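Working notes, beginning with the structure itself.
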Amino acid sequence: MNYDKVINLALERGFYFPSCEAYNNSPAGFWEYGPNGVSLKNKFLELWRRELVRRDGMMEIDGSQIMAKSVFEASGHLASFADPIVRCVKCSSTFRADRMIAESNGTIIPESADLKEFDEVIHKNGILCPRCQGPLDKTRKFNMMFRIGIGPEGEDAYLRPETCQSIFVDFPRLYKTMRGKLPVGVAQVGKSFRNEISPRQSLLRLREFYQAEIEIFCNPDKLHDTARLERVRDVVLHIDNNDITCKDAVENGILPNEFIAYYIGILAEFYQKTGISMEKSRFRQLGEKEKAFYASVAFDFEVETTIGWLELVACNYRTDYDLGGHAKHSGESFQVIDGDQKVLPHVFEMSMGIDRSLYCILEHSLMEDENNNRTVLSLKPYLAPRHVGVLSLVKKDGLREKTDTIYESLNRKYDAFLDHAGAIGRRYRRLDEVGCPFAITVDHQTLQDDTVTLRERDTMNQRRVSLSDLDYTLSEYLAFPV
RNA sequence: GCGGUCAUAGUAUAGCCUGGUUAGUAUGUUGGCCUUCCAAGCCAAUUACCCGGGUUCAAAUCCCGGUGACCGCACCA
């Protein structure tokens with residue numbers, strides 16, 4: 001299935017759509033989730049909590065989206081989350097200053113260098129616009145963080161460009177009050193904000209987007225954690241073009257240690273359960289130039305879609321970059337006691353893009369069933385926005401009332417959807433399209449023996465189920481995997 | 001940000017070149033009739049010219065500007 005089909009489904013069936021549609025000057029890069037999208041997202045996050053947060057005994061927090069300027073001085077975002085750009089006065093093309101200079105005469109200036117250095121090199125060498133040979137304006141920095149003003153004085157603060165900074169800043173309190181013991185994971189789900197130059201492709205490149213981040217604080221001397229690795233030793237990873245178990249990946253040096261292998265393992269098991277095709281997924285180790293400024297080792301979890309490979313999760317070993325930075329800037333201690341050792345913990349993170357993950361789930365789940373002339377969103381039942389359709393075969397003879405009663409008995413526990421209108425086949429098709437895995441239909445026999453037909457989405461098979469068994473049957477079918 | 005293409009109902013489209021129609025069609029949606037399990041049929045209703053300015057007696061149509069989308073470049077923790 002392709003991008004166009006997915007976005008069409010998203011627009012038509014209330015998964016997601018552009019923000020502020022009524023206003024024609026609304027900027028790009030902002031999208032909203034409709035009812036089916038929210039329901040899918042909630043269930044995806046419930047799976048995430050089950051498979052990662054609860055499985056590993058992590059803590060979850062919910063931090064502020066607006067954070068003090070100091071936080072981003074310490075984190076390096078003010079200096080490094082920005083590109084030096086230079087603009088042509090004549091044709092107003094904009095270039096990355098460091099790259100343009102390198103291409104023009106081979107001078108390598110680090111992108112984090114002082115802006116004057118760029119201007120000096122441009123001036124001395126008489127570098128002109130590579131496109132039109134026009135003169136170049138002064139180099140300036142484009143920071144991708146949204147700056148905002150707090151209070152009447154408009155004091156500088158920023159919308160967070162990643163959710164994890166509050167995890168780092170909160171770490172000492174969490175560790176003390178929640179009886180922390182290394183290694184300990186802290187997780188957070190929420191919005192992050194980046195002022196992308198050109199947002200594209202709906203959920204895939206947003207200016208305001210959801211992240212689910214996990215930061216695992218660990219003792220750098222204790223990364224050969226064989227006991228943990230045992231739990232996922234046989235999980236097969238597709239990594240750098242090999243299919244290899246977690247255990248073998250460590251032994252062959254593909255993964256640096258048991259600790260990281262364990263987390264990569266549970267992450268892989270989580271994604272397996274989302275319905276994203278594992279044959280179209282891979283882990284990829286990033287080279288020196290691709291890595292983020294804080295990472296010493298980095299793996300991306302990537303998924304192949306009809307518009308290419310998408311990065312869904314960035315797994316970074318951030319060392320003590322963050323806690324060290326915050327300790328230095330705040331003057332607070334971020335060291336903790338681990339056994340008889342005083343350590344500044346290192347951090348391994350799994351930073352997940354939720355919106356992109358949801359897109360991949362949709363694209364990998366959407367099917368065209370030519371034989372039955374229908375579109376089916378073959379979601380895992382536990383992720384389906386609607387669990388069960390509750391339909392009356394016809395409205396008359398008391399069937400409507402009976403159906404309403406059954407619906408009311410289900411709709412607190414399940415995402416049930418009541419529908420009396422139109423031909424039964426049409427109603428089944430509509431449910432198929434939003435991924436509803438089951439439908440029960442009330443017919444005249446129901447009035448006699450309290451049974452209904454239970455129709456299964458993927459096979460279209462039907463069987464009769466007694467109303468007294470319905471709750472049990474549904475709860476079995478819709479349960480999250482163990 | 002740059003270049004190219006484009007913008008008409010929830011969705012897909014006709015009409016634009018050559019200005020004047022009640023802005024057409026399909027599908028969807030809603031209500032009704034019919035109907036005892038897979039997009040049937042019939043009746044009715046419903047919904048649109050991206051925004052601003054200009055030209056003109058008259059603009060969906062021509063011109064300018066803006067915004068957005070798609071593709072390419074660049075960018076992308």
Side-chain angles (χ1 to χ4, degrees), chain A residues 3-5 7-14 17-30 34 75-77 80-83 85-88 91-96 99-100 129-132 142 144-145 161-165 192 194-202 204-207 211 213 286 290-295 298 300 307 310-311 313-316 318 321 349 351 353 369 371-375 391-397 399 420-433 439-447 452-455 457 460-462 464:
Chain A
Y3 178 83
D4 290 339
K5 293 265 168 68
I7 189 137
N8 207 45
L9 177 80
L11 292 171
E12 272 189 68
R13 297 294 179 203
F17 42 84
S19 185
C20 312
E21 272 186 299
Y23 291 92
N24 57 71
N25 61 349
S26 47
F30 300 92
S75 72
H77 283 86
S80 306
F81 195 56
D83 295 327
I85 56 172
V86 64
R87 168 190 271 257
C88 169
C91 74
S92 70
S93 298
T94 306
F95 306 93
R96 274 276 300 256
R99 295 197 180 187
M100 193 208 58
C129 170
R131 197 163 294 177
C132 76
F142 176 69
M144 305 239 306
M145 285 195 292
E162 52 179 10
T163 54
C164 60
Q165 288 307 323
S192 291
R194 292 179 192 170
N195 199 359
E196 297 282 354
I197 296 171
S198 65
R200 288 272 163 99
Q201 290 167 319
S202 59
L204 304 181
R205 187 110 163 264
L206 295 160
R207 288 190 167 126
Q211 288 187 306
E213 291 197 298
L286 301 188
E290 289 180 285
K291 284 187 313 194
F293 63 83
Y294 45 66
D300 275 355
I307 47 173
L310 294 178
E311 175 196 326
V313 188
C315 303
N316 296 306
R318 299 175 74 127
Y321 179 88
E349 82 169 350
S351 170
D369 179 357
N371 295 334
N372 296 297
N373 189 25
R374 62 182 190 144
T375 302
L391 317 177
S392 52
L393 187 59
V394 291
K395 274 177 280 197
K396 59 187 182 183
D397 302 334
L399 291 187
H420 295 298
I424 191 75
R426 178 187 297 272
R427 283 179 274 165
Y428 287 146
R429 294 295 184 284
R430 264 197 298 247
L431 292 169
D432 289 340
E433 228 174 278
I440 62 168
T441 303
V442 174
D443 56 21
H444 284 87
Q445 195 185 328
T446 310
L447 300 179
V452 291
T453 57
L454 179 68
R455 176 212 188 241
R457 176 194 66 203
M460 298 172 73
N461 287 148
Q462 299 190 357
R464 280 205 95 79

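Source: prediction; values computed, not measured. Just so you know, these numbers use all the heavy atoms, side chains as well, and skip hydrogens, waters and symmetry mates. Labels below follow one simple rule: chain letters A, B, ... track the order of the sequence lines, proteins then strands, and each chain is numbered from 1.
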Under 4.0 angstrom between [X] side-chain N/O and [N] OP1 or OP2:
| X | N | answer |
| --- | --- | --- |
| A/Q201 | B/A69 | no |
| A/K395 | B/C34 | no |
| A/R430 | B/A39 | no |

Would you kindly give the [atom1]-to-[atom2] distance between [X] and [N], to the nearest whole Å?
| X | N | atom1 | atom2 | value |
| --- | --- | --- | --- | --- |
| A/I7 | B/A69 | CD1 | P | 10 Å |
| A/I307 | B/C71 | CD1 | C1' | 12 Å |
| A/E21 | B/A69 | CD | P | 11 Å |
| A/N8 | B/A69 | CG | P | 17 Å |
| A/N373 | B/C38 | CG | C1' | 10 Å |
| A/R426 | B/C34 | CZ | P | 18 Å |
| A/N195 | B/G1 | CG | P | 11 Å |
| A/M144 | B/A77 | CE | P | 7 Å |

My understanding is that a pair needs two contacts under 3.5 Å, Watson-Crick or G-U wobble. By that rule, which nucleotide pairs with [N]?
| N | result |
| --- | --- |
| B/A44 | B/U30 |
| B/A23 | none |
| B/U61 | none |
| B/C73 | B/G1 |
| B/G68 | B/C6 |
| B/C38 | none |

Using the [atom1] atom in both, what is the distance from [N] to [M], to the nearest Å?
| N | M | atom1 | result |
| --- | --- | --- | --- |
| B/A26 | B/U36 | P | 29 Å |
| B/U47 | B/U8 | C1' | 12 Å |
| B/G4 | B/A44 | P | 49 Å |
| B/A7 | B/C17 | P | 14 Å |
| B/C49 | B/A23 | C1' | 8 Å |
| B/G24 | B/C50 | P | 16 Å |
| B/G10 | B/C75 | P | 39 Å |

Thinking salt bridges, do [X] and [Y] make one under a 4.0 Å N-O criterion?
| X | Y | answer |
| --- | --- | --- |
| A/R457 | A/D369 | no |
| A/R207 | A/E196 | no |
| A/D443 | A/R464 | yes |

Regarding [N], can its base be found pairing with the side chain of [X] as donor and acceptor, where the two atoms are less than 3.5 Å apart?
| X | N | answer |
| --- | --- | --- |
| A/E196 | B/C76 | no |
| A/R427 | B/C38 | no |
| A/N372 | B/C38 | no |

Looking just at side-chain N and O atoms, do [X] and [Y] make a donor-acceptor pair shorter than 3.5 Å?
| X | Y | value |
| --- | --- | --- |
| A/E213 | A/T163 | yes |
| A/S75 | A/Y294 | no |
| A/S192 | A/E162 | no |

Given RNA chain B, 5'-ward residue of the pair A/A421 and A/R429, judged by closest heavy atom: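 On the 5' side of the pair lies A/A421.
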Which is more 5' along RNA chain B, the nucleotide nearest A/G29 or the one nearest A/R374? Just name the residue.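 Looking at the nearest nucleotide for each, A/R374 comes out on the 5' side.
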Specify the closest pair of heavy atoms between A/A298 and A/K291, including all atoms of both residues, with the distance to one decimal. CB-CG, 3.7 Å
Identify the heavy atoms of A/Q201 and A/I307 that sit nearest to each other, and give their distance.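 Of all heavy-atom pairs spanning A/Q201 and A/I307, the closest is NE2-CD1, 3.6 Å.
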Between [options], which nucleotide has the shortest distance from any of its atoms to the side chain of [X]?
| X | options | answer |
| --- | --- | --- |
| A/H77 | B/C37, B/A77, B/G68 | B/A77 |
| A/H444 | B/C76, B/U36, B/A77 | B/U36 |
| A/Q462 | B/G68, B/C38, B/U11 | B/C38 |

So [X], base contact, sugar-phosphate only, or nothing? Heavy-atom distance under 4.0 Å.
| X | result |
| --- | --- |
| A/P161 | nothing |
| A/A314 | nothing |
| A/K5 | nothing |
| A/D443 | base |
| A/Y3 | sugar-phosphate |

